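One structure is given below, encoded as structure tokens.
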Amino acid sequence: RMSVQMDPSAFRPPAEVGLVDLDQETGHYNEKCGVFGCFNVQKASHTCYYGMVGLQHRGQEGGGMVTGELSSTGDRSRFHLHRGLGLVTDIFTPDDIASLPGTSAIGHTRYSTAGGKTQLEGFQPFCVRYRIGNLALAHNGNLSNFHELRSFFEQHGVLLQSTVDSELFLHLISHSKRRSQLDQIFDAMTQAEGAFSCVIMTETSLVAVRDPNGFRPLCIGRIPKGGPDGGDGYVVASETCALDLCKAEYVREVEPGELIVIDRNTVNTGAFTTLRLPQKFGVSQCIFEYVYFARPDSLIFGDFVTKVRREHGRQLAREHPVPKVGPDSPPVVVVPVPDSAAHATMGYVEECLRMGLSCIQDLGFFRNPYVGRSFIAPSQENRDIKVRCKFNPMRHVCEGQIIVMIDDSIVRGTTAKQLIRLVMAAGAKEVHFRVASPPVTDPCFYGMDFPTKEELFANVHAGDKTAMAKWLGVESIGYLSPEGLVESTVRSSPTGASHGYCRACFTGIYPVPVTSQAAQVLSEEKGPHPENLFTKR
């Protein structure tokens with residue numbers, strides 16, 4: 001038996017004219033997705049809720065949770081589902097949490113990369129009942145063979161409920177000829193290609209799986225004596241910051257190509273059942289997780305994000321330091337673009353000072369924390385006022401100074417240009433722009449929603465740095481080189497040398513083959529004005 005509760009907010013009327021998506025207008029990333037799961041945990045819905053709050057940065061469009069409750073006979077589980085639009089705190093009320101009983105749960109925070117943005121049926125987790133029993137799944141990533149799989153199921157008369165690639169996992173599992181449920185899940189995962197970090201809840205276990213390339217992070221934690229019987233509880237999450245919120249101890253990462261089963265045997269012995277997916281294309285962890293997506297306090301791919309970003313900043317300083325000034329001139333002021341460039345800026349300034357250059361770090365902008373995801377603005381207002389609603393330059397920091405502005409990445413360049421205008425209007429003598437990653441030149445097929453290749457800032461200007469600087473209105477622009485990005489990442493990460501990184505968005509070299517059909521569909525779906533996480537950049 002499965003009870004399904006839908007959030008009434010999912011049926012809001014369309015936004016009226018004049019309602020502006022501030023995140024899209026001001027360059028705020030809407031990330032990909034975050035997944036969380038827990039097993040043998042008292043009040044699992046509470047733990048899952050806090051885990052999802054910890055992963056809110058990975059998706060703010062919507063989310064959901066499924067909990068598993070043992071039946072009175074103890075031999076089967078009843079699944080309870082709740083999904084909705086908005087932030088986690090908007091989706092779940094105290095009554096909602098109370099109506100989700102059980103000791104197991106999985107949750108998902110959503111940003112759509114494949115599938116419609118407003119289709120509630122495409123929101124995760126997916127929860128179904130098939131011949132073996134109840135099954136729930138949450139997925140982070142993108143399947144590069146999505147169109148081939150979907151076409152196969154359509155031709156065989158399978159009724160698809162959404163346009164989301166994650167749904168295909170359920171059909172692969174239910175159509176598997178294997179006898180046991182675990183073998184069916186394993187069989188399904190071997191047929192998927194691309195990026196997938198999944199948590200799957202069965203009636204007796206929690207399954208965590210990461211694709212053989214290891215594109216997206218996934219980790220395991222333990223809650224000592226967190227179970228209803230006094231045994232340990234276990235959690236799985238996209239990032240370790242979610243474990244911290246749940247007071248779970250970090251155990252280890254799910255390795256690339258690893259399928260882990262957490263069940264009663266795990267609770268009794270502390271051991272995981274592990275299977276290995278076949279390796280086809282090597283390991284290629286997404287380096288953009290370090291550049292922007294992951295939270296700076298998280299541990300992913302073997303090292304803390306803040307440590308790696310600082311090293312990116314140091315390497316950027318070696319390649320493109322602050323301009324030299326005379327002994328009687330004030331030091332160059334280095335300011336980060338809030339908030340993701342803060343840690344790279346620290347490393348940049350540290351290295352510039354070590355090199356004997358005159359500079360200081362300061363905050364060039366006040367970021368209004370009370371402006372939500374949207375606000376009402378007259379349609380005739382220009383984009384600058386929309387940016388100023390969220391960012392305001394510190395005049396006393398900028399006035400009469402040489403400013404070096406640091407950003408983690410630049411995709412479209414629209415937000416960077418507006419922020420530069422604000423700094424110049426605040427009285428800056430001159431502005432230089434530095435980017436702690438290489439130019440983005442190619443779209444991503446593994447979970448990041450990019451504009452088309454022709455719309456990317458570096459391609460619009462054909463890679464001409466002089467033309468880029470002129471368009472932005474700065475004296476100079478400097479990017480971290482692709483080689484410098486990898487070298488600095490490997491230098492700060494102990495596993496970087498043994499595990500490779502995906503740099504397809506910077507190099508156009510895709511570690512998992514992408515069909516021409518997928519590339520064509522991506523271009524057609526975008527249209528002339530794509531609405532995605534990089535539109536505003």
Side-chain angles (χ1 to χ4, degrees), residues 2-26 28-36 45-46 48-67 79-100 105-128 136-142 160-167 199 238 242 293 370-377 390 447 449 525 530-536:
M2 177 171 59
S3 64
V4 179
Q5 300 125 9
M6 291 299 183
D7 186 356
S9 64
F11 304 100
R12 300 175 198 155
E16 297 177 359
V17 175
L19 185 64
V20 178
D21 186 339
L22 191 62
D23 289 344
Q24 181 175 337
E25 294 289 339
T26 60
H28 181 79
Y29 282 101
N30 288 317
E31 285 85 57
K32 299 174 293 300
C33 293
V35 297
F36 185 89
S45 59
H46 292 73
C48 190
Y49 172 86
Y50 290 118
M52 292 169 65
V53 169
L55 298 173
Q56 188 72 86
H57 62 288
R58 297 186 71 89
Q60 304 89 41
E61 189 178 287
M65 183 194 306
V66 176
T67 62
F79 280 17
H80 306 270
L81 167 67
H82 183 88
R83 298 183 295 194
L85 296 171
L87 303 179
V88 175
T89 52
D90 298 326
I91 299 170
F92 297 97
T93 66
D95 288 342
D96 293 330
I97 298 297
S99 68
L100 296 170
I106 63 172
H108 185 268
T109 60
R110 168 187 167 92
Y111 172 73
S112 64
T113 54
K117 286 177 170 288
T118 58
Q119 300 174 350
L120 190 62
E121 63 270 21
F123 280 42
Q124 299 182 51
F126 288 116
C127 186
V128 297
L137 176 143
H139 163 226
N140 170 211
N142 256 36
L160 301 172
Q161 299 298 310
S162 73
T163 58
V164 178
D165 56 352
S166 311
E167 182 188 354
V199 288
S238 293
F293 286 129
Y370 304 107
V371 177
R373 287 177 54 79
S374 60
F375 71 103
I376 302 297
K390 197 164 191 177
D449 202 0
E525 288 179 348
E531 295 181 358
N532 56 57
L533 71 165
F534 287 113
T535 297
K536 67 293 154 191

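Remember, it's a predicted structure, so these values are computed and weren't measured experimentally.
The minimum heavy-atom distance between Ala136 and Phe79, with the atom names listed, is N-CE2, 3.8 Å. Closest approach of Ser162 to Phe126, counting heavy atoms only: OG-CZ, 3.9 Å. Taking all atoms of both residues into account, the shortest heavy-atom contact from His139 to Ser166 is ND1-OG, 2.7 Å. Minimum interatomic distance between Ile91 and Arg83 (heavy atoms only, all atoms of both residues): CG2-C, 4.1 Å. Residues Ala242 and Gly51 approach most closely at CB-O, 3.6 Å, considering heavy atoms. Heavy atoms only, all atoms of each residue included: Ala105 and Thr67 are closest at CB-CG2, 3.8 Å.
With a 4.5 Å cut-off on side-chain heavy atoms, Val128 and Gln161 do not count as touching. With contacts defined as side-chain heavy-atom distances shorter than 4.5 Å, the pair Leu100/Tyr49 does not qualify.
Under the 3.5 Å distance criterion, the side-chain polar atoms of Thr109 are matched with a main-chain donor or acceptor of Leu55. Remark: the backbone N or O of Val35 is paired with a side-chain donor or acceptor of Ser238 at under 3.5 angstrom.
Qualifying side chain to side chain donor-acceptor pair (under 3.5 Å) partners for Thr89, counting only residues two or more places apart in sequence or in other chains: none. Residues forming a ring-ring contact (aromatic ring centres under 6.0 Å, His included) with His108 (at least two apart in sequence, or on another chain): none.
Note that OG of Ser45 is 11.0 Å distant from CE of Met52, once rounded to the nearest 0.5 Å. Summarising the geometry, atom CD belonging to Gln124 is positioned 10.0 Å from atom CD belonging to Glu167; distances are rounded to the nearest 0.5 Å.
Checking Thr93 against Asp96 by side-chain atom types alone, a donor-acceptor pair falls below 3.5 Å.
Evaluated for a side chain to side chain contact (heavy atoms under 4.5 Å, CB included) with Met65, the options Leu81, Ile106, Ile97 yield exactly one hit, Ile97.
Ring orientation note: the planes of Phe92 and His82 are tilted relative to one another, at an angle of 30° to 60°.
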